[in-house]
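Values below: all heavy atoms of this structure, side chains included; hydrogens, waters and symmetry mates excluded. Labels below follow one simple rule: chain letters A, B, ... track the order of the sequence lines, proteins then strands, and each chain is numbered from 1.
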Protein chains: 2
Amino acid sequence: MKTENPDLERIINDIEPLDTSWVEKAKDRTARLVMPTRALGRLHEISEKLCAIQKTLEPSIYRKSFLVMAGDHGVVAEGVSAYPQEVTAEMIKTFLSGGAGINVLAEQVGAEIIVVDMGIIPELDLSTLPGDHNLIIRKVANGTANLARGPAMSAVEARRSILTGFQLAGDLFEKGAQILGTGDMGIGNTTPSAAIGAVLTRSNLEDMVGRGTGVDDQGLQRKRDAIQSGIQLNQPEPEDGLDVLAKIGGFEIGGIAGCILAGAYHKHPVVIDGFISTAGALIAHALCPAVTDYLFAGHCSEEPGHNLMLNYLGLQPILDLGMRLGEGTGAALAMGIMDGAVRIFKYMLTFEEAGVSNKD
Amino acid sequence: MKTENPDLERIINDIEPLDTSWVEKAKDRTARLVMPTRALGRLHEISEKLCAIQKTLEPSIYRKSFLVMAGDHGVVAEGVSAYPQEVTAEMIKTFLSGGAGINVLAEQVGAEIIVVDMGIIPELDLSTLPGDHNLIIRKVANGTANLARGPAMSAVEARRSILTGFQLAGDLFEKGAQILGTGDMGIGNTTPSAAIGAVLTRSNLEDMVGRGTGVDDQGLQRKRDAIQSGIQLNQPEPEDGLDVLAKIGGFEIGGIAGCILAGAYHKHPVVIDGFISTAGALIAHALCPAVTDYLFAGHCSEEPGHNLMLNYLGLQPILDLGMRLGEGTGAALAMGIMDGAVRIFKYMLTFEEAGVSNKD
């Protein structure tokens, strides 16, 4: 029996790889559908992976939820972002007002959005929010420390951020969510994400560090310098995901890693968004490589290092539209394609049902 | 004043290039939306092109229609397809029963489907269909002639197939359709499509001819031989789209070309599907290059020559999912992404509305 609130080691230990016998069963059905062999390409891979995750030939991702994880970053003091730090909290209010990119795209696919304050600097004034707001406060701390000058957080905080994401995602699954999308908000958060990417994929900084929300050449250099200092100073251990998160990570990135562990633990699909969510996936994967069995990569971001991260994880993105917003937008848009994949698998007639002649 | 049923020369003459001043106006709005500069990448290009086509900053593609054009091909006698010719008619019945791939994916985006018999060999028994069936019979002839042995159709038939598609699409626009998707059905129709692609993009056959629905090595060789014979024998004139259609085309391909001309003439967006629809677009483009201003490429097919065609037309596909079914399936799936682009353009808050700080 799984315990109510397992510790991290127990979670990792209990995650099982995908039961691929269900992939084979699903492929048998795909082969009978009224079209040339596997003529809808990636749609079949998506639906068959969903069958295996849910252990069914009637997969459903109708009930969709997003956890949009927010945090602030001490490394912003190094001048790594084009936007002021206040924007993190301002964007949380925009999410709660319904007018941000993720609101618009999540509504299109019928997904609910829960925003989580994993550790932004200000205390949000809840009295100014509507009574039914979808904000959960789970501050690990009021922003991380500056990773360029020391560890971003303590080992205890790293563990807490992961377990918080794990618990919140588990709550959503318990309430009926069938698929979870991950989103992020945090001014400066492409910096820890690129640091994590460089360390865990063993890539060099030139390839991994991009302009994020749009820093100029000087900002890009400051960003590379901050990451290089942070890695040299903190010496994160690539074999230890928790150590990497603590030394050069962020609270929202830890929360996303927890969501991903929860998907694998509870056997529900998780769709990651772009660069920051994939940094979270790298942390989760470092802790437990089997998590990718339950993961879908929503899209390939315009941020140059993202492709390297996805290749390392062995995940092929569903969309490639030059997007680089975060918030979960790429995952939301990809869920529409996944809906199509499920509909084809379930509702397309077989050759026999349609009375159509098969190949000679 | 546009006449009720203009002739082909009049249509071509009256098509106007896109009014790009609307692209600029739309870009101004995109720049004010609450995100880093153009952070949703291709979604902005899509919404801004729609603004320019519709000459509005409130674009709408809510009312979606598909014309699924069907035809049979004399060149099937050369052994170029893995499926028997009867499948064309059988698949039409499947479309009308609601159980084919295009039905499943069109329903997801709220699109209606009209199936057109542009020239299949058998006469369909309408008495066996439900009273409210969405089939229109506009047979140009009972299948084309074998393009490997002579012209696929006469010049009169080529013109008629284009004008039929033009008229049917115009009827849909008049009834309120805001966006049109093109689909195709016709056993053997990757053969004329590859022939058209090779002639109009000036590509060699090795690059343009693929396995279609899945012919084996011998079938692939027969297909290449048939196309090579057809081109050598018929000498289609690359500067004359009508001549290319007549000599090496198909009735459904001509119908699709007509749909595309209708979109540009009536100033409505048209989403093309894969290899066959893009062959239709090549014909329309040869007649009137401005049609691409009104076109969206739904996806890049697994059929190897498709990418060459799209590059030639200067169209970047929205999706790339290894699909190669046709019927309109890639266009339908792409319409979901286009819906997202429109929603972002219209419903995302501006920085000012959201009260979020912009860049330093």
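Contact of B:Thr329 with chain A is made through the side chain alone, with heavy-atom distances under 4.5 Å. Proximity to chain A is limited to the side chain of B:Phe351, based on heavy atoms less than 4.5 angstrom apart. With a 4.5 angstrom heavy-atom cutoff, B:Thr94 touches chain A only via side-chain atoms. Residue A:Phe95 does not touch chain B at all, counting heavy-atom pairs closer than 4.5 Å. Only the side chain of A:Ser97 comes within less than 4.5 Å of a heavy atom in chain B; its backbone stays farther off. Heavy-atom distances place no part of B:Glu45 under 4.5 Å from chain A, backbone and side chain included. Heavy-atom distances place the backbone of A:Ala100, and not its side chain, under 4.5 Å from chain B. With a threshold of 4.5 angstrom between heavy atoms, A:Leu33 does not approach chain B through any atom at all. Only the side chain of A:Leu319 comes within contact range of chain B, with at least one heavy atom under 4.5 Å from a heavy atom of that chain. Contacts between A:Glu107 and chain B at a heavy-atom distance below 4.5 Å involve backbone atoms as well as side-chain atoms.
Ranking B:Gly99, B:Gly98, B:Gly41, B:Gly322 against chain A, the residue ahead of the rest is B:Gly99, based on heavy-atom pairs under 4.5 Å. Chain A forms the most heavy-atom pairs under 4.5 Å with one residue out of B:Arg343, B:Lys93, B:Met35, and that residue is B:Arg343. Chain A forms the most heavy-atom pairs under 4.5 Å with one residue out of B:Gln316, B:Arg42, B:Arg324, and that residue is B:Arg324. Ranked by heavy-atom pairs shorter than 4.5 Å toward chain B, the options A:Met348, A:Lys346, A:Glu90 are led by A:Glu90. Note: B:Asp339 leads B:Val109, B:Asp339, B:Ile46 in heavy-atom pairs under 4.5 Å with chain A. Counting heavy-atom pairs closer than 4.5 Å to chain B, the top residue among A:Arg38, A:Glu327, A:Met323 is A:Met323. Among A:Gly336, A:Gly330, A:Gly340, the residue making the largest number of heavy-atom pairs under 4.5 Å with chain B is A:Gly340.
Shown here is B:Arg211, whose CZ atom has more than 12 heavy atoms of other residues, nucleotides or ligands within 6.0 Å.
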Using side-chain contact (heavy atoms from CB on, under 4.5 Å), reason through A:Leu333 and B:Leu43 one step at a time and then give a plain yes or no.
CA-CA 11 Å; A:Leu333 213 50; B:Leu43 295 197; 3.9 Å; yes

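Heavy-atom neighbours of chain A within the stretch residues 299-306 of chain B, taken at a separation under 4.5 angstrom, are nonexistent.
From B:Ile344, atom CD1 reaches atom CD of A:Gln108 across 8.5 Å, with rounding to the nearest 0.5 Å. Note that OG of B:Ser81 and NZ of A:Lys359 are 9.0 Å apart. Values are rounded to the nearest 0.5 Å.
Under the 4.5 Å side-chain criterion, counting only non-hydrogen atoms from C-beta, B:Leu40 is not in contact with A:Leu321. Side-chain contact check for B:Tyr83 versus A:Asn358: some heavy-atom pair is nearer than 4.5 Å. Proximity of A:Val34 to B:Met91: side-chain heavy atoms (C-beta onward) are separated by under 4.5 Å at one or more points.
In terms of heavy atoms, A:Pro36 sits closest to B:Leu325 at CD-CD1, 3.7 Å.
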